[in-house]
Amino acid sequence: QVQLVESGGGLVQAGGSLRLSCAASGLTFSRYVMGWSRQAPGKERELVGAMGWSGVMTHYADSVKGRFTISRDNAKNTVYLQMNSLKPEDTAVYYCAGTRASWVSFDKRTYDNWGQGTQVTVSS
């Protein structure tokens, strides 16, 4: 059974940083494309970053480019999201997700394994 568990969320002031972690189990992690998504109240869930198996290929949403960095440690079955220069509009529940797709998908419908989410709140 695939399990994804996020951690690292919290309350931070605008301009601050947070690092989210997602620990995966029950899957061959090194063969999964991993992504981070977020959902703010009243808005659709959106992907903000995705990374391929080896960690070379990445994609980011325009809204987070240059501020967020996704990384992974296949030895630890963990994917990270480093978030810098946070803005109040980054406030959302952040979810990690995985897919066995053979490309670095930026379509959330491709992802069939999701964590429970971690709240990130950015105060102004």
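As a basis for the values below, the full set of heavy atoms in this structure was taken, side chains included, without hydrogen atoms, waters or symmetry mates. On a predicted model such as this, the values are computed, not experimentally measured, just so you know.
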**Request:** Report the C-alpha separation of Thr99 and Trp103 in whole Å, then their side-chain angles, then the decisive distance to 0.1 Å, and conclude whether the side chain to side chain contact (heavy atoms under 4.5 Å, CB included) test is met.
**Result:** CA-CA 9 Å; Thr99 175; Trp103 70 99; over 6 Å; no
**Request:** Please test Val104 against Trp53 for side chain to side chain contact (heavy atoms under 4.5 Å, CB included), starting from the C-alpha separation and ending with a verdict.
**Result:** CA-CA 9 Å; Val104 183; Trp53 302 339; over 6 Å; no
**Prompt:** So Met51 and Trp36, side chain to side chain contact (heavy atoms under 4.5 Å, CB included) or not? Walk me through it.
**Reply:** CA-CA 9 Å; Met51 172 169 273; Trp36 283 95; over 6 Å; no
**Message:** Please determine whether side chain to side chain contact (heavy atoms under 4.5 Å, CB included) holds for the pair Thr91 and Val120, giving the CA-CA distance in whole Å, both sets of side-chain angles, and the decisive distance to 0.1 Å.
**Reply:** CA-CA 5 Å; Thr91 295; Val120 171; 5.9 Å; no
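Contact of the Thr28 side chain with the Ser30 side chain is registered, since non-hydrogen atoms from C-beta on lie closer than 4.5 Å. The side-chain heavy atoms of Arg67 and Asp90, taken from C-beta on, include a pair separated by under 4.5 Å. Two residues are said to be in side-chain contact when any heavy atoms from C-beta on lie closer than 4.5 Å; His59 and Ile70 fail this criterion. At a threshold of 4.5 Å between non-hydrogen side-chain atoms, the residues Ser37 and Tyr95 count as touching. The closest side-chain heavy-atom distance from Val12 to Thr121 is not below 4.5 Å. In this structure the side chain of Tyr111 reaches within 4.5 angstrom of the side chain of Leu47, judged on heavy atoms.
Side chain of Asn113 to backbone of Leu4: no donor-acceptor contact under 3.5 angstrom is found. Side-chain atoms of Thr58 never come within 3.5 Å of backbone atoms of Ala50 as a donor-acceptor pair (strictly under, hydrogens ignored). Here the side chain of Ser63 pairs no donor or acceptor atom with the backbone of Ala61 at under 3.5 angstrom. Listed for the Ser105 side chain is a donor-acceptor partner under 3.5 Å among the backbone atoms of Asp107. Arg72 places a side-chain N or O within 3.5 Å of a backbone atom of Gly52 that can act as its donor or acceptor partner.
Other residues, nucleotides and ligands place no more than 12 heavy atoms under 6.0 Å from the CD atom of Gln116.
When Lys108, Arg38, Gln39 are each tested for a side-chain contact (heavy atoms from CB on, under 4.5 Å) with Glu46, only one passes: Arg38. Of the residues listed (Val64, Leu20, Thr118), the one engaging Leu81 in a side-chain contact (heavy atoms from CB on, under 4.5 Å) is Leu20, and it is the only one.
Following chains of ILVMFWY side-chain contacts shorter than 4.5 Å, one cannot reach Tyr80 starting from Met83, and the two form parts of different hydrophobic clusters. Residue Phe106 is grouped with residue Met57 when hydrophobic side chains (ILVMFWY) are merged at heavy-atom distances under 4.5 angstrom, including chains of intermediate members. There is a path of hydrophobic side-chain contacts, each under 4.5 Å, that joins Met34 to Tyr94. There is no path of hydrophobic side-chain contacts, each under 4.5 Å, that joins Tyr32 to Val5.
For the residue pair Leu27 and Asn77, the shortest heavy atom distance occurs at O-ND2, 4.5 Å. Nearest approach of Pro88 to Ala14, heavy atoms of both residues: CD-CB, 4.1 Å. Of all the heavy atoms in Phe29 and Ala24, the pair that sits closest is CD1-CB, 3.6 Å.
Screening residues 4-26 for side chain to side chain donor-acceptor pair (under 3.5 Å), with sequence neighbours left out, gives Ser17-Asn84.
In this structure, Arg45 is positioned above the aromatic face of Trp114, its NZ or CZ under 6.0 Å from the six-membered ring centre and within 45° of the axis.
The line from CZ of Phe68 to CD of Gln82 is 9.5 Å long, rounded to the nearest 0.5 Å.
With salt bridges taken as basic N to acidic carboxylate O contacts below 4.0 Å, one links Lys65 and Asp62.
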